[in-house]
Structure formats: C-alpha cells, structure tokens
Amino acid sequence: MKRFRLLVAGNAVSAYGSYLNMVALNVFVYHLTGSALTAGLYMAVRLLTSVASGVVAGALASRIPRKRLMVGADLTQATALVLLLLAPSGARVALLFGLAVIAGACSTVSGVSLRSAVPEIVGAELRTRANSLLATGRSLAMVAGFGSASIIVSQLGYRWAFAFDALSFVVSASVLLSLPIRTEAAREKETPAAAKAEPAGGGGRWATLVLLRSMPVVAVMVLVRAVDGLGSSSHNVALPIYSDALDHAHPAAFIGQFWATWAIGNIAMQQILSRWTSRTGRSPGERIFALGACVMSAAFILVFSGLPTALAVVVSLVAGMADGLTEVAYVSRLQTTPDAQRARLFGLSASVENLGFGLGMILSGALLEHFSPLQVVGGLHGLAILLCVGFLLLLVRGAVAGRATPARERKTEEAVDDRVPASEGGRT
C-alpha cells in the first residue's frame with residue numbers, strides 16, 4: 001500500500017487542480033466575455049463531453065494500458081492550460097471551449113482508468129481500503145481547491161491559477177510515471193476459455209449492456225447512481241438560493257459551512273471504512289450501498305428544512321458520511337467484475353452519472369423558478385429514496401427466498417452459480 005499512498009497523493013494534487021480549474025475557468029469565461037450565456041455554454045460543453053466520453057473511456061481502458069492513459073490525460077490537460085496561458089487575447093475564447101472538451105474527456109478517461117485499475121494495483125482484498133484512501137484525497141482536494149480558488153484569483157490573478165492547475169497535472173503524471181505498478185490483470189495468449197470470458201458482442205458498443213443484463217443487481221446500482229445524480233444536482237443548484245434566503249448579507253456563509261462539514265463527514269467515514277475493512281476483511285455490499293443512499297438523500301433533504309444551525313451541522317455531517325459510504329460501496333462492488341469487462345462498466349457508469357447530474361441541473365433550475373428549495377430537493381432526492389427502498393426490498397426478498405429454497409434445489413442452484421462469473425458473488 002505504500003506505493004498506492006503515493007498514487008493517492010498524486011491523484012489528490014491532480015484533483016486539487018481540477019477543482020481550482022472548475023472555479024477559475026468558469027469565472028474567467030464570464031470575465032472574458034461578459035456573457036452569462038457563454039459561461040453556461042462552457043459548463044454545458046464540459047459536462048456533455050464527460051457524458052459522451054464515458055463509454056469511449058471504458059473501451060480505451062480495456063485495450064490500452066491504464067497507467068499510460070492516466071499519464072496521457074494529465075499531460076494533455078497541462079499542455080492545454082499552458083497553451084491558454086501563452087495564447088493572445090483574441091484566441092482565448094475558442095481555446096477555452098477546446099479546453100472544456102479536453103478537461104471533460106481527460107477527467108473521465110483518468111477516472112475510469114484509475115477506478116478499474118485499483119484491484120490490480122493493490123489486490124482485490126484491499127480494494128475497499130484503497131477506494132477509501134482515494135475518496136479521502138479527493139475530499140481534501142475539493143475543500144482546498146474550492147477554498148483557495150477565490151484567494152488565488154483575487155490576489156494573484158487568473159494566470160497564476162492556470163499555472164498552478166497545469167503544475168498539478170504535471171505532478172500527478174510524474175508520480176504515476178515513477179511508480180512501478182501494474183494496472184491490468186496479466187493476460188495470456190488468447191484461448192477459448194479467455195474468449196468465453198468476454199460478454200457476447202465482444203468489443204462491440206453493446207458489450208457493456210450485454211454485461212449488465214447478466215448482472216441485474218449491478219445494473220440497478222448503476223440506475224440508482226443516475227437518480228442520485230439528479231438529487232445531487234438539485235442540492236447543488238438550490239444551495240446558493242437557500243443560503244441567500246437564510247442570510248442575505250452573507251449569502252456564502254451557509255454554503256461554506258455546509259461543504260466544510262460535508263467534507264469532514266466524508267473523510268471521517270473513509271477512516272471508519274478503512275479500519276473496518278482492515279479488521280474484518282469484508283467490503284460493504286449492495287444492502288449497505290442502498291441503505292447509505294437512503295440516509296444520504298434524507299440528510300440532504302433535511303438540510304433545506306430550516307433546521308437550527310447546530311442541527312444543520314449534524315445533518316450535513318451525516319450527509320457527508322453517507323455520501324462517502326455509498327461511493328466506496330458502489331465502486332468496490334463494480335470492481336468485483338472481471339478485469340476484461342471492468343473498464344467498460346466504469347465507463348458506462350461515468351456516462352450515466354454525468355448524464356443524471358446534467359439533466360438534474362437543467363431540471364432543478366427550471367423547478368426552482370416555481371418551487372422552494374425544500375420542495376425541489378425533496379422531490380428529486382425523494383425519488384432516489386423510493387428507488388433505493390425498492391432495491392432493498394428486492395435484495396431482502398431474494399435473500400429470504402434463498403433461505404427458503406429446499407436443500408436439493410439449493411445444491412442445484414449452487415452448481416449453476418459455479419458457472420456464473422465471480423462478479424455476481426460477494427454480497428454482504
């Protein structure tokens with residue numbers, strides 16, 4: 001895990017640059033053009049690129065060494081930022097939209113490659129602990145990136161913000177290049193058995209959908225993440241409005257308090273998960289994922305219910321803890337799929353999650369014109385809760401049915417299960 005900790009540090013530096021980039025570039029677009037529409041289009045282009053590149057990223061990560069893809073993604077983003085720094089003023093608007101495409105695609109490629117590589121880097125038994133470390137690094141990077149963006153831009157200017165961002169990607173790429181890690185399972189020469197391991201359709205564009213049909217539980221988890229994206233977008237859009245209503249003189253106060261507390265809860269949960277996994281050797285399964293998603297959505301709804309400050313802090317902490325739990329449970333479950341199909345699955349997941357978040361941003365913005373933040377957040381997160389409750393009932397019903405099956409039938413089913421890929425096992 002020592003090498004992986006270095007990778008986590010490099011990834012956190014890169015994530016810091018991404019969060020700094022997210023704030024600085026969005027503000028720079030508006031500063032450069034004076035147009036809110038152009039700023040909105042910039043954000044839309046970046047998000048749409050992330051949605052479109054998910055499946056492509058999965059295909060690339062299943063064919064090209066993932067370490068090479070991650071290094072290439074970091075260096076491509078660093079190069080694009082340097083070009084923006086050196087470009088004349090007249091060419092910057094066009095370059096900004098090109099940068100939006102590059103940032104959206106490269107962040108997706110890097111994320112899919114890293115998530116699908118974790119079991120090969122640290123071993124399947126340590127994947128949950130590794131995912132917790134990565135989530136901790138990203139949470140710290142988010143707090144640092146968002147927190148320092150306004151200071152760097154206001155005190156040093158946009159050029160320094162872009163320079164720090166480019167440097168963060170160079171640092172990440174350098175760390176990756178220095179680590180002697182294997183990011184793919186060892187593949188032998190093609191054999192009939194290896195060919196059977198591929199889902200029907202092979203490398204075709206329908207391969208991932210065919211794979212999901214063979215893993216209905218995972219397919220439902222991916223659907224839950226898409227609906228979670230709708231809920232997440234609702235509280236992101238509603239937070240500035242709600243915060244302004246609480247304290248018009250200091251509209252950013254509640255937002256800062258919320259995200260700081262959320263991050264503390266997220267980091268605390270990663271530490272708990274890491275210790276629990278080390279002690280028990282187990283990983284959180286589908287039921288933990290569904291329960292965590294329910295608690296997370298319920299907590300986000302309560303945040304907008306007008307609670308006293310002390311209670312709001314506690315609820316924000318719970319939201320961060322539940323968010324961290326569901327993230328690790330979800331990623332760890334998807335990582336149980338065979339290496340040959342894992343990258344495609346993560347690519348589809350990235351597209352679905354980004355699509356849910358993007359649609360949610362549009363829908364939430366439209367609904368907030370007519371409804372209160374509590375109603376909008378309650379409606380979209382409530383939808384996620386309903387889906388998770390239904391998922392839990394199906395899981396419980398399946399477990400009860402399994403216990404009620406006569407011994408002879410169970411023996412037959414176990415024989416059939418032996419022929420099912422290992423990705424469908426390992427529930428807790």
Side-chain angles (χ1 to χ4, degrees), residues 8 11-12 15-16 18-19 22-23 111 115 128-149 224-225 227-240 242-243 246 252-277 283-284 288-332 353 356-357 360 364 373-374 377-378 380-382 384-385 388:
V8 169
N11 183 255
Y16 167 78
S18 295
Y19 288 118
M22 196 177 299
V23 176
R115 284 181 166 188
T128 301
R129 187 178 174 191
N131 291 327
S132 295
L133 288 172
L134 284 170
T136 299
R138 285 196 301 272
S139 296
L140 292 171
M142 186 190 77
V143 174
F146 285 160
S148 65
V224 169
R225 291 291 286 186
V227 179
D228 272 347
L230 288 173
S232 295
S233 61
S234 71
H235 67 249
N236 274 278
V237 175
L239 266 173
Y242 183 70
S243 186
L246 287 178
F254 182 78
I255 299 176
Q257 170 193 297
F258 170 80
W259 285 120
T261 310
W262 174 92
I264 292 171
N266 195 291
I267 293 168
M269 177 52 69
Q270 305 313 327
Q271 300 307 307
I272 293 169
L273 276 175
S274 181
R275 286 169 172 73
W276 177 76
T277 302
S283 296
I288 297 297
F289 166 77
L291 282 170
C294 286
V295 173
M296 176 183 67
S297 289
F300 278 126
I301 294 171
L302 285 174
V303 164
F304 291 86
S305 63
L307 294 172
T309 301
L311 281 178
V313 168
V314 172
V315 172
S316 300
L317 190 72
V318 171
M321 294 182 73
D323 205 349
L325 176 61
T326 56
E327 167 73 12
V328 172
Y330 177 73
V331 172
S332 298
E353 290 179 65
F357 189 82
S364 298
L374 178 59
V377 174
L380 294 183
H381 271 297
I385 291 174
C388 288

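As the structure is a computational prediction, the values presented were derived from the model and not from experiment. FYI, side chains are in, hydrogens and waters are out, and symmetry mates aren't considered; it's all heavy atoms of this structure.
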Determine, step by step, whether Phe304 and Leu239 satisfy the side chain to side chain contact (heavy atoms under 4.5 Å, CB included) criterion, reporting the C-alpha distance in whole Å, the side-chain angles of both residues, the deciding distance to 0.1 Å, and the verdict. CA-CA 8 Å; Phe304 291 86; Leu239 266 173; 3.9 Å; yes

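- We find the CG-CD distance between Asn266 and Gln271 to be 10.5 Å, quoted to the nearest 0.5 Å.
- From Ser332, atom OG reaches atom CD1 of Ile288 across 12.0 Å, with rounding to the nearest 0.5 Å.
- Taken from OG1 in Thr309 to CG in Leu246, the straight-line distance is 8.0 Å, to the nearest 0.5 Å.
- The minimum heavy-atom distance linking Pro284 with Thr128 is given by the pair CD-CG2, 3.7 Å.
- Ring geometry for Trp262 versus Trp259: interplanar angle over 60°, hence perpendicular rather than tilted (30 to 60°).
- Not one N or O on the side chain of Ser232 forms a donor-acceptor pair closer than 3.5 Å with the backbone of Gly229.
- Asn236 has its side chain within reach of Phe357: a pair of non-hydrogen atoms, C-beta onward, lies under 4.5 Å apart.
- Below 30°, between 30° and 60°, or above 60°: for Phe300 and His381 the angle between ring planes is below 30°, a parallel geometry.
- Here the closest non-hydrogen pair linking Leu230 and Gly356 is CD2-O, 3.4 Å.
- Residues Thr277 and Ser132 form no side-chain contact, since every pair of their non-hydrogen atoms from C-beta on lies 4.5 Å or further apart.
- Annotation for Gly382 and Ile301: closest pair N-CD1, 4.0 Å, computed over non-hydrogen atoms.
- Atom CG in Leu302 sits 11.0 Å away from atom OG in Ser297 (nearest 0.5 Å).
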Assess the residue pair Arg225 and Thr326 against the criterion (side chain to side chain contact (heavy atoms under 4.5 Å, CB included)); give the C-alpha distance rounded to whole Å, side-chain angles, the decisive distance to 0.1 Å, and a yes or no. CA-CA 9 Å; Arg225 291 291 286 186; Thr326 56; 4.2 Å; yes

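- The nearest pair of heavy atoms linking Met321 to Gly265 is CG-O, 3.1 Å.
- Nearest approach of Ala299 to Val315, heavy atoms of both residues: O-CG1, 3.1 Å.
- Here the CD1 atom belonging to Ile267 is positioned 12.0 Å from the CD1 atom belonging to Ile272, to the nearest 0.5 angstrom.
- The two residues Ala290 and Cys388 come nearest to each other via the heavy atoms O-CB, 3.8 Å.
- Using a 4.5 Å cut-off on side-chain heavy atoms (C-beta onward), Leu374 and Tyr242 make no contact.
- Using a 4.5 Å cut-off on side-chain heavy atoms (C-beta onward), Val328 and Met269 make no contact.
- Atom-to-atom distance recorded for Phe254:CZ and Ser316:OG is 5.5 Å, nearest 0.5 angstrom.
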